[in-house]
Amino acid sequence: MLPLFGKTKAMILTYSSSFITHLLALPPASTSTSTRAVTSSLLHRSLQGSFGPILRYKLRSYCSAPVNRGEFMASNIKVVQNPDSISYLNQREAAEIDEILMGPLGFSVDQLMELAGLSVATAIAEVYNVKDYNRVLAICGPGNNGGDGLVVARHLYHFGYKPSVCYPKRTAKPLYTGLVTQLESLGIPFLSVDDLPMNLSEDFNILVDAMFGFSFYGTPRPPFDDLIERLVNLQSYNEINKKPSVIASIDIPSGWHVEQGDTSGDGIKPDMLVSLTAPKQCAKNFSGSHHFLGGRFVPPSIVDKFKLELPSYPGSSMCVRIGKAPQVDISSMRENYISPEFKEDEVDPDPFIQKWFDDAMAAGLKEPNAMALCTAGKDGKPYTNYGSRKAKDLSENCYASLLFYWDGLNRQVRIEGCVAKVSEEESQHYFHSRPTGSQIGAIASKQSTVIPGRDFLHQQYKDLEAKFSDGASIPKPNYWGGYRLKPEFFEFWQGQTSRLHDRYDIANSLVTLRGMNQDIWWMNENHESNHYCNNSYDDEFYDNGCDYGDPYESYENDWQWTDNSAQNQYQGSSSFSENQVRSDEYSFDDKLDQILDMIEESPNFSEIQESSEECNNNMWKQMMEMQEDNSKRILIMQRKLEELMEQLTQPPPETRSDTMHENEVSFLSSDELYDTKMHKLTPPELEVVVEDYVSLNDKKTEKRLENEDVEIGLERNQINLNEPITPKVGEGLVEVNTTSSPTTLSKPDAQPFIVTDFKRLVMYKKVKDFIIRPFLESINVQVSSHKSVAHVIFENQKLKVILFSATNDPPIVGDLFVINTIDDYVYEHTANMLSDTTRKLENCLPCNRSRMLNKFGSPRVMKKTQKKKQDFTFIRRSKVKWRGCKKHRARKYWRNDYGWRLKKTIWYFYGSHKAGRLELYKVEEGIPFDPGGSQITFDSP
Ligand SMILES: NC(=O)C1=CN([C@@H]2O[C@H](COP(=O)(O)OP(=O)(O)OC[C@H]3O[C@@H](n4cnc5c(N)ncnc54)[C@H](O)[C@@H]3O)[C@@H](O)[C@H]2O)[C@@H](O)CC1
Ligand SMILES: [K+]
């Protein structure tokens, strides 16, 4: 570890060699090293050259951040190699653990479900990146497994996925209703089984199987049998599809026997299984690519009691992979960066004093001051083979490049300039300021030598430690010293989505350099680096054959190891062992071959080759200038592309309504109505905005509706039926003529179609919970004075009623508006509220004019508002029909008149003009009715 500014430290690693490590991953035995080395050096050089920026785009994708870059990457998840040593639970044990957790151990089911769901979501995100696997369907069952699925959907939403939920058998417990409400508030669509395509991979990338967990038994009952069937059939669809969808099962592949697994052999075949708490016995039969364990809450007492052998979770991860990760496909490693806006004024050439460095510090990145150093020798090749030397390079060609890569912030700063040795005094001073261990380490690891193994190094260290135990000053080896780079060129890079990365270059002449040229990079970095040979600028070590930092090249040389483990500060890293590094694991990728071919076939190739031969500082400068031009061009292109992308990816404006609350009912006046484009609709017309339309899938409700002769959508004359009308979620306007003239139903994304005759329109509005109810039975607005129709619109959680009168006249004062709703299906609060309203209305039904006036327009109020009695024509209808009514008569009236069942709730509104505007007042018991006064607010019951 090399100090910078005295107290901060910088590590110089070999940028280009580690770069090549990622990039080429050469299997030494099978590839002609010399050719490849030359090509790779040219490849590297080309990065600096005229066609560099374009290539860099491709290349960066191979050497970007280590986490989460696509399928088959399980970065920080500890891999438990032997799944056989893991415990598998039977059904009884699983249930027992559940009971203990939620009994004596004091967990609540919500808690466990949240943790379980989170771990499943993180495992999914670990394997299936959000860019390629964006559309998720969580298929949720009736039990806790289904609850986990709901939690997963929520977390995936927050991770950037687009989840939908199919939850056909809902459980009316607050835990579940709460989870549903949470998802609804995020605008996550709930789809019925009928809404789903037969081929689920048409609409979804990931299918989260949350139907059944460890309590499943027997064979799946409807509608899950159908859903499971669709998951089974997926395989045949997937064979056709270019990008098949994947199944991620929670705890147990649904339909499988909890212990015996897929007994019939024709069950679902999930690609991923996330076992919770501990794998169930059926998981032994799991043959998909990704088996994870989640539910990181099992306390030691349970581990002991059930003698559980479980893989340990790495770091703070919520999940751990069981078994081996599939072979890494290098070409698929590609991070879709999501970064904040790139602000030019936030970058400063000195990465140590600018905001970016502060950001990196604040983000808690490990050693943000660590950097990679890339040099090039006089032959122009950064690395020819393992015999090359950074220091030697620098003595021949002072140009070098430093790279600060800040993973986690998706940022990188590259600095280029000329490097010079610092004075011997400076080096001496710094050497003795280092900890004794580091000083000994500098001597112990002999530069650029091949050593027999790690033990040898330890012994060296011990011997030297003994030698200097008397506290004598440790002499600085003459090969140890610092370098200073004078920056001439900076490149700021920030990863962005779809590879449209930000890149901002600053050349020396444009900026005032601050700080940078005062600082020293200390060479001899290997003392704290696990993987690399010591580095030296002392000529006497040049020929010792140590390579700088490319472990793959190292195998070629058998075993090279000059590590100083005594100084190992990477506590988290597992120790380096030879058998972890197998060349055949890194097969040479076709794509890379292509790139290399491209370079070699490029018309510039020979030019570059030639110039590289006589590489000198001038050439480098030229190249940098060329690169600068290109970078600018690329930057402009990127911006343009980004703008375009932004335009293309603008989401459509959100239209969404929610549970309607009584006190949020508002009305538009006919004036308002005629002011808008809606005036084009000539009455009598009925326009209903259908939002959040969800068809019924609750058996009980369905049955009721059958009995009640109610239909979803339009109830119409079957003979004249052109085609079935089933509005779905997201569909927009439904226009219906109330006359028998042809009716147009238009949906934004569908062909308009004609219905010539219908009885009534029935809307089902999903309320906040599991029950889907018809919210408004035909917008059956009865206006007492004359025939009117209404527009009813849900907007911003408000019900808006727009009235049309048959004569084009606005409704008059005293009109009574009746909107029918059905309270049976109304959930909880709404139900109570409405039935309460019913009760109140029943109690105050106007049996005669005087009684009505007492209730709704007391003489006192009338007097005060100087209104005449006849203005209160509320009773007009009741005079005719409700005269002398008693409660039961009123009920009868409702049933007969509306052909509806008894429990229907009717909302009464009283129309009144105020400042040219029609306002509707809810008629309620006990509240003085004052149409001239301010609008009555509704008390919640
Ligand atoms: N203790 C744990 O380790 C935890 C368990 N959790 C989850 O809870 C699950 C177990 O939950 P549950 O006990 O609620 O049960 P399940 O979620 O396994 O399902 C039981 C439900 O499915 C129904 N069912 C069973 N067999 C059926 C069949 N053949 N056809 C149709 N329906 C059928 C049952 O009537 C019941 O409603 C676990 O698998 C796991 O996903 C997590 O939520 C939290 C932690
Ligand atoms: K499941």
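Start at 1 and go down the list; that is how both ligands and their atoms are numbered.
Using 4.0 Å as the threshold, P220 has a heavy atom nearer than that to some atom of ligand 1. At least one heavy atom of F216 lies less than 4.0 angstrom from ligand 1. Between I252 and ligand 1 there is no heavy-atom distance shorter than 4.0 Å.
The O atom of F212, the K ion (ligand 2) and the O atom of D209 define an angle of 150° (nearest 10 degrees).
In this structure, Q281 contributes its side chain and Q260 its backbone to no donor-acceptor pair below 3.5 Å. Side-chain atoms of R296 do not come within 3.5 Å of backbone N or O of L115 as any donor-acceptor pair. Side-chain atoms of Q91 come within 3.5 Å of backbone N or O of F216 as a donor-acceptor pair. For the pair D209 (side chain) and P253 (backbone), a donor-acceptor distance under 3.5 Å is absent.
The only member of I97, D98, I250 that meets side-chain contact (heavy atoms from CB on, under 4.5 Å) when paired with L276 is I250.
The heavy atom nearest to atom 35 (O) of ligand 1, out of those in M102, R221, E114, is found in R221. Checking I228, V258, N144 against atom 11 (O) of ligand 1, the nearest heavy atom belongs to N144.
Distances from atom 45 (C) of ligand 1 to the protein include at least one heavy-atom value under 4.0 Å.
The contact set between ligand 1 and T277, taken as ligand atoms under 4.0 Å from a residue heavy atom, comprises 2 (C), 3 (O). Each of the following atoms of ligand 1 lies closer than 4.0 Å to a heavy atom of L112: 44 (C), 45 (C). Near Y217, with a cut-off below 4.0 Å to any heavy atom, the atoms of ligand 1 are 25 (C), 26 (N), 27 (C), 28 (C), 29 (N). Below 4.0 Å from some heavy atom of F297 lie the following atoms of ligand 1, by number and element: 45 (C). Ligand 1 places these atoms under 4.0 Å from at least one heavy atom of L276: 40 (C), 41 (O). Which parts of ligand 1 touch P142 is read off a 4.0 Å heavy-atom cut-off, strictly below it: atoms 21 (C), 22 (O), 23 (C), 37 (O). Atoms of ligand 1 lying under 4.0 Å from any heavy atom of G213, numbered from 1 in the order shown and given with element: 16 (P), 17 (O), 18 (O), 39 (O). Within ligand 1, the atoms closer than 4.0 Å to a non-hydrogen atom of D251 are 38 (C), 39 (O), 40 (C), 41 (O), numbered from 1 in the order shown.
Surrounding OH of Y157 are at most 12 heavy atoms belonging to other residues, nucleotides or ligands under 6.0 Å away.
Using a 4.5 Å heavy-atom cutoff, the side chains of I139 and L231 are in contact. Put simply, the side chain of N205 does not reach to within 4.5 Å of the side chain of Y128, judged on heavy atoms. Side-chain atoms of R230 and L207, non-hydrogen and from C-beta on, never get closer than 4.5 Å to each other.
In terms of protein heavy atoms, atom 2 (C) of ligand 1 is closest to D98 OD1, 3.2 Å. Nearest protein heavy-atom contact of atom 6 (N) of ligand 1 is D148 OD2, 3.6 Å. Taking atom 13 (O) of ligand 1 as the reference point, the nearest protein heavy-atom neighbour is S215 OG, 2.5 Å.
We find that R154 and E114 are joined by a salt bridge, their nearest charged nitrogen and carboxylate oxygen being less than 4.0 Å apart.
Not one N/O/S atom of G141, from backbone or side chain, sits under 3.4 Å from the K ion (ligand 2). At least one N/O/S atom of I252, from backbone or side chain, sits under 3.4 Å from the K ion (ligand 2). The K ion (ligand 2) does not have S249 among its coordinating residues (no N/O/S atom, backbone or side chain, under 3.4 Å). For residue D251, no N/O/S atom approaches the K ion (ligand 2) to within less than 3.4 Å.
For the pair F214 and ligand 1, the shortest N or O to N or O distance falls below 3.5 Å.
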Pair D251-K280, salt bridge (Lys or Arg N to Asp or Glu O under 4.0 Å): steps then yes or no
CA-CA 8 Å; D251 208 17; K280 315 301 168 297; 2.7 Å; yes

